[in-house]
Novice: 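Here you go, one structure.
All residue numbers in this chain count up from 1 along the given sequence.
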Amino acid sequence: MEKRQREYLFDNYKVLLIVLVVIGHFIEPCYDQNPFLYELKWGIVAFHMPAFIFISGYFSKKVPSVKKLVGGLVVPYFVYEVVYYLLYTYVLDKETELYFTRPKFTLWYLLALCVWRLAAPVVRKLPGHLLISLAAGLVVGMFEIGNFLSIPRILFFFPFFLAGMEFDSTWLARFRNRKGYIGALGVMAGMAVFLFTDEYHRRLPVKIFYGRYSYEELRMPPWDGIMIRIVCYGISFLLIYLFMLVLPTDKKSYSYLGERTMAVYIFHGMIYSCLKHRSSVLGAVKSDAESILLILFCIAVVWVVSRKPFVRLTDKIAHLVC
């Protein structure tokens, strides 16, 4: 069987996204204290998880075996839940419980990915399945479900997963040229200028992109919440495709990091939790110089936890039942 050629566009894309995931988390305690970090936070949450989920869907076109799902996602989910419980309880003195129906911190993504991979083959058989998933993502915001099984996030982000499954990378060929590149950069630059000059979005909570909170929790009337969520979907999808037109498609010196994003995703959260609950340093960031240092620190964290010992550990946990 001919081996599928590696698509470095998505490796390079994942490198960008995992860096943004780490930055987005580490600036959480201080983004509202610095104008640049504030707008950076908005820019990050507008597309980083939707894009990650889109790419996950793109590489989930084959129906997975139950053994692969259990070994690759279910077992790691339970293992890391226990690890986070031990970390919170015995290291950080943070009050918590060992409950598996309410994922801790970043672990919701493992649970969601398992559900999406199980549900997608069935849902895709429905006529207009993408529109149905979008409608579900809008409607779920009308109910206060909380973090139970990450149901709100699973439904909110499901359209991105389905869109990724439907996507064919050959569709990019007609747009990946000089004109398309300049056009995409122009649109993104315009969106950045709008972000830094618009006043309306500053009256909204950045959590509108999180997918976790109901419209009531966001202090929005249901119809206002639905309309804003529709706009959020539009912005996220637009940015997903625009970045595919400007990111390199060939192998770069950093492309290998795209294969190591799970290790970064898991372990950066533990570092962040320790800093957040055992130190006031993150909440003290205010100046531009401190903001730049924090971003450089985030890049260093990505590099450290993408080293082979961390990757080997996540691989072993993902193959405990294999």
Side-chain angles (χ1 to χ4, degrees), residues 4-24 35-61 130-131 133-134 137-138 156-202 204 206 208-209 211 227-255 257-258 261 295 299:
R4 182 178 178 178
Q5 185 177 359
R6 190 161 194 90
E7 297 183 74
Y8 288 107
L9 167 63
F10 294 104
D11 279 332
N12 299 332
Y13 208 153
K14 287 165 68 178
V15 174
L16 169 65
L17 293 173
I18 199 62
V19 170
L20 294 181
V21 166
V22 176
I23 293 174
F36 171 73
L37 290 184
Y38 182 83
E39 304 304 346
L40 178 62
K41 180 71 172 181
W42 272 91
I44 289 174
V45 299
F47 94 104
H48 76 316
M49 284 314 297
F52 239 131
I53 293 161
F54 180 94
I55 294 173
S56 296
Y58 178 76
F59 288 106
S60 300
K61 297 180 187 293
L130 189 54
L131 290 176
S133 69
L134 286 167
L138 298 175
F156 175 76
F157 288 113
F158 195 27
F160 300 108
F161 188 84
L162 290 173
M165 294 185 76
E166 300 290 341
F167 183 72
D168 187 335
S169 58
T170 60
W171 297 345
L172 295 173
R174 61 179 295 191
F175 301 106
R176 281 197 65 93
N177 48 46
R178 182 178 176 82
K179 187 176 180 180
Y181 180 82
I182 294 175
L185 282 180
V187 173
M188 288 191 290
M191 294 176 75
V193 170
F194 176 82
L195 187 63
F196 278 87
T197 57
D198 174 63
E199 294 292 336
Y200 177 73
H201 78 279
R202 293 168 191 158
L204 298 173
V206 71
I208 59 175
F209 282 100
M227 294 306 298
I228 289 173
R229 186 163 285 192
I230 289 173
V231 173
C232 290
Y233 274 134
I235 292 172
S236 297
F237 273 115
L238 177 60
L239 287 170
I240 287 171
Y241 294 118
L242 288 175
F243 272 94
M244 280 195 283
L245 297 180
V246 300
L247 290 172
T249 59
D250 54 331
K251 186 177 182 180
K252 300 295 183 181
S253 59
Y254 53 80
S255 296
L257 294 172
T261 54
I295 291 172
I299 295 172

Novice: For Trp42 and Leu204, work out which heavy atoms get closest and say how close.
Specialist: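 That would be CZ2-O, 3.4 Å.
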Novice: Please tell me if the side chains of Val45 and Lys41 come closer than 4.5 Å, counting only heavy atoms from C-beta onward.
Specialist: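 They are in side-chain contact.
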Novice: With a 3.5 Å cut-off and sequence neighbours excluded, list the donor-acceptor pairs that the side chains of residues 237-249 form with protein atoms.
Specialist:
none

Novice: Can you list the steps and then say if Arg202 with Glu39 is a salt bridge (charged side-chain N to carboxylate O under 4.0 Å, His left out)?
Specialist: CA-CA 9 Å; Arg202 293 168 191 158; Glu39 304 304 346; 3.0 Å; yes
Novice: To the nearest 0.5 Å, tell me how far Leu257 CG sits from Leu16 CG.
Specialist: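 Here the interatomic distance stands at 12.0 Å.
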Novice: Counting only heavy atoms from other residues, nucleotides and ligands, does the tally under 6.0 Å from OH of Tyr181 exceed 12?
Specialist: no
Novice: Is there a side-chain contact between Phe196 and Phe36, using heavy atoms and a 4.5 Å cut-off?
Specialist: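 Yes - at least one pair of side-chain heavy atoms lies under 4.5 Å apart.
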Novice: Looking only at non-hydrogen atoms, find the nearest pair between Tyr13 and Ala51 and report the distance.
Specialist: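 Scanning both residues, the minimum pair turns out to be OH-CB, 3.9 Å.
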Novice: Restricting to non-hydrogen atoms, name the atom on Ser255 and the atom on Val15 that form the minimum distance, rounded to 0.1 Å.
Specialist: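 Looking at all heavy atoms of both residues, the closest pair is O-CG2, 4.3 Å.
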Novice: Could you tell me which non-hydrogen atom of Phe209 sits nearest to which non-hydrogen atom of Phe156, and how far apart they are?
Specialist: O-CE2, 3.7 Å
Novice: Taking all non-hydrogen atoms of both residues, which atom of Leu130 and which atom of Ser133 are closest, and how far apart?
Specialist: O-OG, 2.7 Å
Novice: Between CD1 of Ile55 and OG1 of Thr261, what distance do you get to the nearest 0.5 Å?
Specialist: 9.0 Å
Novice: Could you tell me whether the side chain of Met191 reaches within less than 4.5 Å of the side chain of Ile235, counting heavy atoms only?
Specialist: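 A side-chain contact under 4.5 Å exists here.
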Novice: Are any of the side-chain heavy atoms of Phe158 and Ile53 separated by less than 4.5 Å?
Specialist: no
Novice: Cut-off 3.5 Å, side chains only: do Tyr58 and Glu7 have a donor facing an acceptor?
Specialist: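 Result is yes, a qualifying pair exists.
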Novice: Give the intermediate values and the outcome of side-chain contact (heavy atoms from CB on, under 4.5 Å) for residues Val206 and Tyr38.
Specialist: CA-CA 9 Å; Val206 71; Tyr38 182 83; over 6 Å; no
Novice: Can you check whether Val21 reaches Met49 side chain to side chain, under 4.5 Å on heavy atoms?
Specialist: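 A side-chain contact under 4.5 Å exists here.
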Novice: How long is the span from the CZ atom in Arg176 to the OG1 atom in Thr170, to the nearest 0.5 Å?
Specialist: 13.5 Å
Novice: Sequence neighbours left out, what passes side-chain hydrogen bond (donor to acceptor under 3.5 Å, both in side chains) with Lys14? Give chain and number order.
Specialist: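 In terms of side-chain hydrogen bond (donor to acceptor under 3.5 Å, both in side chains), with neighbours along the sequence ignored, Lys14 is linked to no residue.
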Novice: Calculate, to the nearest 0.5 Å, the distance between atoms SG and CG belonging to Cys232 and Leu138 respectively.
Specialist: 10.0 Å
Novice: Between Asp250 and Asn12, what is the shortest heavy-atom contact and its length?
Specialist: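 The answer is O-ND2, 3.2 Å.
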Novice: Let me confirm one number: the CG-NE2 distance from Leu195 to His201, rounded to the nearest 0.5 Å.
Specialist: 4.5 Å
Novice: Which residues satisfy the salt bridge (charged side-chain N to carboxylate O under 4.0 Å, His left out) test with Lys251, sequence neighbours excluded?
Specialist: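 Testing Lys251 for salt bridge (charged side-chain N to carboxylate O under 4.0 Å, His left out), a comparison that skips the adjacent residues, returns none.
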Novice: Would you say Phe54 and Phe167 make side-chain contact, with heavy atoms under 4.5 Å?
Specialist: yes
Novice: Could you measure the distance from the CZ atom of Phe161 to the OG atom of Ser56? Nearest 0.5 Å is fine.
Specialist: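 Rounded to the nearest 0.5 Å, the CZ-OG separation comes to 6.5 Å.
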